[in-house]
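All values below come from the heavy atoms of this structure, side chains included, with hydrogens, waters and symmetry mates left out.
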Amino acid sequence: MMLLLVLISVAVLIGLMVIALKKDQERRHKDMAENNQTLPPITLQEPEPEPVINLEQPLAEETPAQHLDLSWKERCKTLRNLKLYPEALLAAQEGWPQLQSYEQAAVTLRAMIRTCDSTNLEQLNKLLKMLYQAACEASFLYDRPSGQASPGWQTVAQTTTRQDLQQHVFSWQLIGYKELKLLTATDIKKMIQLWGDPDQHLSVRSLADTDQ
């Protein structure tokens, strides 16, 4: 009999606890509804990617402005290495009338000819004419007959101007190439391919003397 009473008491206590818990849960839901409390949404933000460094990307090339303190010759070489050929030609002209000025201009023009499209005959013809002109001017200013010393560039600067050179016509057919020291075998080959064989070969100086 006692055991039955104990079991009944335990069942009543459990029931009361269940009812109390249920009421407490209902009260909490009611409070949350009244206060409009909602759990914040969970968002997963991807971390910002780290900057990627391309180790294979070459450093920016130096600009011509970084070489303004160089001599005209070094500046010409630097610009030519950067493939800035028109600027390199201008730098070479700064050294006029030195023979090295013509030599650096010739090297630059050959680089331009190598990069010229072989089908662009107009551009190739223009570059070869510039090269031939440079070779003729250099020969006119510095080549002398055997036994005569070549003048120094300071003497040339005092006795010759650009306008003086423009008065002479340096013709491929009249002058040819054999007396032009500045031209290489490759230069001559290209000129013959484009212009044909010249009629004769004379020194620029001798031809200029006959014009006077």
Side-chain angles (χ1 to χ4, degrees), residues 54-144 150 153 156-157 160 162 164-166 168-205 207-208:
N54 186 1
L55 298 179
E56 297 181 356
Q57 183 176 1
L59 296 176
E61 291 183 334
E62 295 175 286
T63 60
Q66 295 173 274
H67 305 282
L68 293 177
D69 57 337
L70 300 177
S71 67
W72 68 264
K73 185 177 179 180
E74 291 301 320
R75 190 162 62 254
C76 178
K77 292 180 179 179
T78 300
L79 292 167
R80 186 168 60 242
N81 291 335
L82 294 173
K83 302 186 186 307
L84 299 174
Y85 300 126
E87 293 84 350
L89 286 177
L90 289 175
Q93 290 179 9
E94 294 178 23
W96 190 87
Q98 299 177 54
L99 179 58
Q100 289 184 340
S101 170
Y102 287 106
E103 292 172 344
Q104 290 300 316
V107 174
T108 303
L109 287 168
R110 290 186 189 108
M112 297 174 72
I113 291 170
R114 285 194 298 269
T115 60
C116 180
D117 185 355
S118 59
T119 62
N120 190 347
L121 297 181
E122 182 179 355
Q123 179 67 9
L124 181 59
N125 181 63
K126 178 181 178 181
L127 294 173
L128 287 175
K129 282 185 175 180
M130 293 173 64
L131 179 56
Y132 189 74
Q133 177 75 17
C136 288
E137 289 186 12
S139 180
F140 174 79
L141 295 176
Y142 291 101
D143 291 348
R144 293 295 182 271
S150 298
W153 73 266
V156 172
T160 310
R162 287 285 191 182
D164 295 334
L165 292 175
Q166 293 175 357
H168 300 285
V169 178
F170 301 122
S171 168
W172 167 260
Q173 294 299 331
L174 296 178
I175 297 172
Y177 55 82
K178 290 184 178 180
E179 301 295 330
L180 300 179
K181 299 177 180 179
L182 197 64
L183 297 181
T184 66
T186 302
D187 300 335
I188 295 169
K189 181 179 178 181
K190 291 180 182 297
M191 291 174 182
I192 292 176
Q193 289 175 343
L194 201 60
W195 303 333
D197 290 314
D199 295 335
Q200 59 186 6
H201 300 279
L202 294 175
S203 69
V204 180
R205 197 75 194 183
L207 187 63

Specify the closest pair of heavy atoms between [X] and [Y], including all atoms of both residues, with the distance to one decimal.
{"X": "Leu70", "Y": "Arg75", "answer": "O-NH1, 2.8 Å"}
{"X": "Trp96", "Y": "Thr160", "answer": "CH2-O, 3.8 Å"}
{"X": "Ala92", "Y": "Gln104", "answer": "CB-CB, 4.2 Å"}
{"X": "Leu182", "Y": "Arg110", "answer": "O-NH2, 2.7 Å"}
{"X": "Trp195", "Y": "Lys129", "answer": "CZ2-CG, 3.7 Å"}
{"X": "Arg80", "Y": "Tyr85", "answer": "O-CE2, 3.7 Å"}

[atom2] on [Y] to [atom1] on [X], rounded to 0.5 Å:
{"X": "Ile175", "Y": "Leu180", "atom1": "CD1", "atom2": "CG", "result": "6.5 Å"}
{"X": "Asn125", "Y": "Leu127", "atom1": "CG", "atom2": "CG", "result": "9.0 Å"}
{"X": "Lys190", "Y": "Leu183", "atom1": "NZ", "atom2": "CG", "result": "13.0 Å"}
{"X": "Gln123", "Y": "Ile113", "atom1": "CD", "atom2": "CD1", "result": "9.5 Å"}
{"X": "Thr108", "Y": "Leu84", "atom1": "OG1", "atom2": "CG", "result": "11.0 Å"}
{"X": "Met130", "Y": "Leu109", "atom1": "CE", "atom2": "CG", "result": "5.0 Å"}

>> Between Val107 and Glu103, does the side chain to side chain contact (heavy atoms under 4.5 Å, CB included) criterion hold? Intermediate values first, please.
In response: CA-CA 6 Å; Val107 174; Glu103 292 172 344; 5.7 Å; no

>> side chain to side chain contact (heavy atoms under 4.5 Å, CB included) for Leu174 and Asp199? Distances and angles first, verdict last.
In response: CA-CA 6 Å; Leu174 296 178; Asp199 295 335; 6.0 Å; no

>> Let's go through Tyr132 and Asp187 carefully: what are the C-alpha distance in whole Å and the side-chain angles of both, what is the deciding distance for side chain to side chain contact (heavy atoms under 4.5 Å, CB included) to 0.1 Å, and is it a yes or a no?
In response: CA-CA 9 Å; Tyr132 189 74; Asp187 300 335; over 6 Å; no

> Is the side chain of Trp172 donor-acceptor paired with the backbone N or O of Gly196 at a distance under 3.5 Å, no angle test?
Replying inline: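 Present.
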
> Can you tell me if Glu179 uses its side chain to pair, donor with acceptor, with the backbone of Leu202 under 3.5 Å?
Replying inline: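 No.
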
> For residues Thr78 and Asn81, is any side-chain donor paired with an opposing acceptor at under 3.5 Å?
Replying inline: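 Distance-only check fails for Thr78 and Asn81.
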
> Passes side chain to side chain contact (heavy atoms under 4.5 Å, CB included), Met112 versus Leu89? Steps please.
Replying inline: CA-CA 10 Å; Met112 297 174 72; Leu89 286 177; 3.9 Å; yes

Pairs under 3.5 angstrom only: tabulate donor-acceptor contacts from the side chains of residues 134-142 to other protein residues two or more places apart or in another chain.
unit_1	atom_1	unit_2	atom_2	d
Glu137	OE1	Tyr102	OH	2.7
Glu137	OE2	Gln133	NE2	2.9
Ser139	OG	Asp143	OD2	2.8
Tyr142	OH	Pro97	O	2.3

> For Gln193, does the CD atom have more than 12 heavy-atom neighbours from other residues, nucleotides or ligands under 6.0 Å away?
Replying inline: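 Counting neighbours around CD of Gln193, more than 12 heavy atoms of other residues, nucleotides or ligands fall under 6.0 Å, so yes.
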
